[in-house]
Amino acid sequence: MQLAPEHSPELVLLDLMLPDTSGTEAGKHLKRDPNTQGIPILMVTAKGEEVDRVVGFELGAEDYVVKPFSIRELLLRIDVILRGRAASPPQPPVQFGRLRIDRQAHRAFVDDQEVELSSIVFRPLV
């Protein structure tokens, strides 16, 4: 799905339990697509077990909210994510020999070939 810059969302609220596909697959697609990979994801789901939260964060979600939740809490969490994004200026990719790290997109490459890393493994690189 191609998004024109003027139609790109500032944030995606994503449920893990979608009717036609898994939220995990949808999130992976968002993080792989160059047009959407920089958009923060806030997981909003009834799946509240630790393994579900870990999967959400490994996928690249900025936050994870378990249903039921208060609208006030959700709005505050959205505000924190968006404020944090506005405060951090764009960062150029970092090159270490054959390794290139794109911190903004949470992607790593060796010889221009992408290496898939979970968020937990990626964090120490930045």
Side-chain angles (χ1 to χ4, degrees):
M1 173 182 198
Q2 289 283 56
L3 293 175
E6 65 271 10
H7 294 110
S8 293
E10 292 183 52
L11 176 107
V12 172
L13 297 177
L14 182 61
D15 196 329
L16 288 178
M17 299 185 304
L18 298 172
D20 296 329
T21 187
S22 78
T24 304
E25 286 306 310
K28 285 179 184 176
H29 177 76
L30 288 168
K31 288 300 182 181
R32 284 188 184 135
D33 186 332
N35 296 311
T36 58
Q37 64 192 8
I39 300 171
I41 296 175
L42 172 58
M43 292 287 186
V44 180
T45 183
K47 296 180 113 182
E49 297 296 320
E50 178 184 8
V51 67
D52 299 314
R53 292 189 310 270
V54 167
V55 166
F57 286 118
E58 285 182 341
L59 171 71
E62 273 67 28
D63 203 352
Y64 195 101
V65 180
V66 178
K67 295 176 187 175
F69 55 84
S70 76
I71 295 299
R72 183 171 182 215
E73 177 187 2
L74 180 65
L75 292 174
L76 288 170
R77 288 175 181 265
I78 290 170
D79 186 52
V80 166
I81 292 170
L82 294 179
R83 259 188 294 137
R85 304 217 24 112
S88 59
Q91 301 171 340
V94 177
Q95 187 85 32
F96 298 100
R98 298 171 40 210
L99 175 66
R100 180 170 44 95
I101 301 170
D102 187 339
R103 295 174 286 191
Q104 292 293 114
H106 294 272
R107 297 171 74 190
F109 301 86
V110 174
D111 295 331
D112 292 326
Q113 174 122 11
E114 185 170 2
V115 179
E116 292 205 24
L117 302 173
S118 69
S119 291
I120 291 172
V121 173
F122 186 83
R123 270 188 209 129
L125 295 176
V126 297

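Computation of the quantities below employed the complete heavy-atom set of this structure, encompassing side-chain atoms and omitting hydrogens, waters and symmetry-equivalent molecules.
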Asker: So does Leu75 get a backbone contact from the side chain of Glu73, meaning a donor-acceptor N/O pair under 3.5 Å?
Answerer: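 Side chain of Glu73 to backbone of Leu75, a donor-acceptor pair under 3.5 Å: no, none is there.
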
Asker: Could you grab the distance from atom CG of Leu76 to atom CZ of Arg83, nearest 0.5 Å is fine?
Answerer: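 The CZ atom of Arg83 is 8.5 Å from CG of Leu76, to the nearest 0.5 Å.
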
Asker: Between Leu59 and Met43, is any pair of side-chain heavy atoms under 4.5 Å apart?
Answerer: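 A side-chain contact under 4.5 Å exists here.
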
Asker: Find the distance between NZ (Lys28) and OG1 (Thr21) and round it off to the nearest 0.5 Å.
Answerer: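 These two atoms lie 10.5 Å from each other.
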
Asker: Any heavy-atom pair between the side chains of Val12 and Leu30 that's under 4.5 Å?
Answerer: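 When only atoms from C-beta onward are counted, Val12 and Leu30 do touch, with a gap below 4.5 Å.
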
Asker: Could you please spell out the steps behind the side chain to side chain contact (heavy atoms under 4.5 Å, CB included) verdict for Val44 and Leu74?
Answerer: CA-CA 9 Å; Val44 180; Leu74 180 65; 4.1 Å; yes

Asker: Nearest 0.5 Å please: distance from the OG1 atom of Thr24 over to the CG atom of Leu14.
Answerer: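 These two atoms lie 8.0 Å from each other.
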
Asker: Mind listing the closest non-hydrogen atom pair of Leu82 and Glu10 along with its distance?
Answerer: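 It is CD2-O, 3.6 Å.
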
Asker: Extract all donor-acceptor atom pairs below 3.5 Å that involve side chains of residues 108-116 and protein atoms in other chains or at least two apart in sequence.
Answerer:
unit_1	atom_1	unit_2	atom_2	d
Asp111	OD1	Arg98	NE	3.2
Asp111	OD2	Arg98	NE	2.9
Asp111	OD2	Arg98	NH2	3.0
Asp112	OD1	Arg100	NH2	3.4
Glu114	OE1	Arg107	NE	3.4
Glu114	OE1	Arg107	NH2	2.8
Glu114	OE2	Arg107	NE	3.1
Glu116	OE1	Arg32	NH2	3.1
Glu116	OE2	Arg32	NH2	3.3

Asker: On a heavy-atom basis, which atom in Arg77 and which in Val65 lie closest, and how many Å separate them?
Answerer: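 Closest heavy-atom pair between Arg77 and Val65: CD-CG2, 3.2 Å.
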
Asker: Could you give the distance from CD (Glu25) to CG (Asp20), rounded to the nearest 0.5 Å?
Answerer: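 Reported value, rounded in 0.5 Å steps: 13.5 Å.
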
Asker: So, for Ala26 and Leu18, which heavy atoms are closest and what is the spacing to 0.1 Å?
Answerer: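 The pair with the smallest heavy-atom distance is CB-CD1, 4.1 Å.
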
Asker: State the CD1-CZ distance between Ile41 and Phe57, to the nearest 0.5 angstrom.
Answerer: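 With rounding to 0.5 Å, CD1 (Ile41) is 12.0 Å from CZ (Phe57).
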
Asker: Atom CG in Leu42, atom CG in Asp15: separation rounded to 0.5 Å?
Answerer: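 Here the interatomic distance stands at 11.0 Å.
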
Asker: What residue among Val80, Ile81, Ile39 forms side chain to side chain contact (heavy atoms under 4.5 Å, CB included) with Glu62?
Answerer: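 Of Val80, Ile81, Ile39, side chain to side chain contact (heavy atoms under 4.5 Å, CB included) with Glu62 is met by Ile81 alone.
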
